[in-house]
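Remarks on the structure that follows.
Indexing begins at 1, ligand by ligand and atom by atom, following the structure's order. Counting from 1, the numbers follow the sequence of the chain as shown.
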Amino acid sequence: MCGIVGYIGGRTAYPILIKGLQRLEYRGYDSAGIALVNNTNVNTYKCRGKVKDLEKLIGTQDISGSIGIGHTRWATHGAPNDTNAHPHVSMNGKFVVVHNGIIENYTFIKNRLVEKGYTFKSQTDTEVLANFIEDIYLTSKCSAEEAVRSALLRIIGAYGLAIICTDEPDKLFGTRKGSPLVLGIGNGEHFLASDATPIVEYTDKMIYLNDEELVIATANEIRLTNIHESGDKQINVTKVDLSIDNIDKGNFPHYMLKEIHEQPLTIADTLRGRLLPDAHEIHLGGIADVMPRLMQAQRIIIIACGTSYYAGMVGEYLIEEYARVSVEVEYASEFRYRNPIITPNDVIIAISQSGETADTLAAIRMAKERGALILGVCNVVGSSIARETDAGIYTHAGPEIGVASTKAFTAQAVVMTLLALQLGRKKGVLSEERYKSFIDDLVNVPAAINRILADEDKIREIAEKYRSASNSIYLGRGLLYPVALEGALKLKEISYIHAEGYPAAEMKHGPIALIDNLMPVFVLATKDRYYEKVVNNIQEVKARQGQVIAVVTAGDTVIRKMADYVIEIPHTEDPFIPLLAVVPLQLFSYYVAVMRGCNVDQPRNLAKSVTVE
Ligand code: AGP
């Protein structure tokens, strides 16, 4: 996934584009570039590396121009290097393009263009598109808008595009299909970006483009049209409530640590207006209209990837336990290709922080075609998945910049918890008394997390002990099994230590062979119905000289005597234990990664949202 930005207005475009790319670096960061147009002169600067390397490259060169586009890349076609970095300029210099997505028929188009004498500098599909648009423009002697429209009607694939035509330097073109694009409406200026984060400091008025919409912006006007016809479309302006401090790191060294510490606030934000403690009610306005259909569901299928999949597993356990509805959790990438059985009695819940994960988006499109009700649990307002569902619940965790998901996970788990409890109550399988007791306890979760965060130094000390480990195992039972999986994912994706999550009872079926005195074993051993069984699992690990780090309920005196390290979390009702138990695992993986000198916010090979298959 890549980040694209564009500016047109009365100001110098350069600083706006550079700062915009810095805010989008979490989307991809193996190369970066910008193009600035000054009258008909185009200055393009691009290089392998991060935005700061691009700034170094530009140095004191010409940065004039009040229209420009920029790009930070996560390579899909062609290695990360200076030549393959965007923007790409067409052979005769008529079009400058930045692109987020994949053009699947680019080889066919490239061969036709080569036959017509076009030459190429890069291995990218994007340069093919730039030349394709130019060839149409020069051959048909049409307008830039028509050339863009005609080219896009003949490509297959996904795109978010910002385009400039040097014969029409007072216009900025933006369009999308499968990759997000937002237009910001300023006063005498307009902004394009892959999401709202580079734009919010200039305006809160946004247009979230739909697939195949085409926007043409001058400094003072915008036209919204479509690649299929040139007529103007109704413009829907969204007022976003993001602020800059939502985005900046504040006093934290990394976005990930900031976002871990934000969780008491973000969970309170997720609950706000939905958990009504005085009335002992849960209100999920986003799905109220479809609740009757949800009540009739024979089966709920949760579709997601990565951390969101583990949040889905938390939802599975809770919905089956408290609402007594059959639930399946599916990896989106597997679900979309295995020709699954889907009926109109099914309800699909897509969980996605970014709302742009290609596999999840494709999976819900397939399920929709087969008549299922599609709900979304997304964090990014106006994201593709959010807009393609029949209804949904936003997690309201604010922008999650760190590639490793933390606050989004707990927000997703809160939403699944609210859904399970409300559904259970409405179906009459959860008693009024337990429902009220759960609501009274859920209110206290943010304060409980604050108490865990206060223990941070102890967790950092434990991280110091295991910073050089090569492998690790995470064990949990019941609701804590998905948390074990999530803890293992956190560690491996930011510290590059190999880590596996297992159901604690599974260890005897193979993984116990791995246990030795070098192997840190995280055991989630809170006071729940599995407690005695998990104590046995700890003894099995200790009998083989394994190192045990146990997450326990505050006041536990039994496990303290057998584990090497104990991290206490406050007592809470069973459904909310995942919200607390995950926090020490987030902090542990963060500190191990920092001590290993890893790039915590932008781990190698990863991107914040995987908008390609
Ligand atoms: C989580 O730490 C990872 N960065 C990754 O697994 C992520 O959860 C996954 O790519 C799904 O992303 P989404 O929630 O935006 O769909």
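- Ring-plane geometry between Y309 and Y331 is classed as parallel, the angle between the planes falling under 30 degrees on a 0 to 90 degree scale with a further cut at 60.
- If you check which protein heavy atom lies closest to atom 10 (O) of ligand 1, you get V610 CG2, 4.2 Å.
- Comparing heavy-atom distances from atom 9 (C) of ligand 1 across P603, C305, S308, S383 singles out C305 as nearest.
- Close approach of ligand 1 to K490 is summarised as follows: ligand atoms under 4.0 Å from at least one heavy atom of the residue are 1 (C), 2 (O).
- With a 4.0 Å cut-off on non-hydrogen atoms, E493 touches ligand 1 through its side chain and not its backbone.
- Within the 6.0 Å centre-distance limit, the rings of F588 and F522 are counted as a close aromatic pair.
- In the model, Q353 has no side-chain atom that pairs as donor or acceptor with a side-chain atom of S308 under 3.5 Å.
- The nearest protein atom to atom 12 (O) of ligand 1, hydrogens excluded, is given as T357 OG1, 3.5 Å; this is a heavy-atom distance.
- No side-chain donor-acceptor contact under 3.5 Å links T406 and Q263.
- Listed by number with element, the atoms of ligand 1 under 4.0 Å from a non-hydrogen atom of S352 are 13 (P), 14 (O), 15 (O), 16 (O).
- Nearest protein heavy-atom contact of atom 1 (C) of ligand 1 is T307 OG1, 3.1 Å.
- Defined by atom type and a distance below 3.5 Å, a donor-acceptor pair is missing between the side-chain atoms of T307 and S405.
- When heavy-atom distances to ligand 1 are checked against a 4.0 Å cut-off, S609 has no atom that comes that close, whether in backbone or side chain.
- Defined by atom type and a distance below 3.5 Å, a donor-acceptor pair is missing between the side-chain atoms of Q547 and Y565.
- For K239 (side chain) and K205 (main-chain N/O), no donor-acceptor pair under 3.5 Å exists by modelled atom type.
- Counting the atoms of ligand 1 from 1 in the order shown, those under 4.0 Å from a heavy atom of V403 are 2 (O), 4 (N).
- Salt bridge status for R336 with D359: present, with a side-chain N to carboxylate O gap under 4.0 Å.
- Close approach of ligand 1 to A404 is summarised as follows: ligand atoms under 4.0 Å from at least one heavy atom of the residue are 2 (O).
- Closest heavy-atom approach to atom 6 (O) of ligand 1 within the set S354, S405, G355, G306: this belongs to G306.
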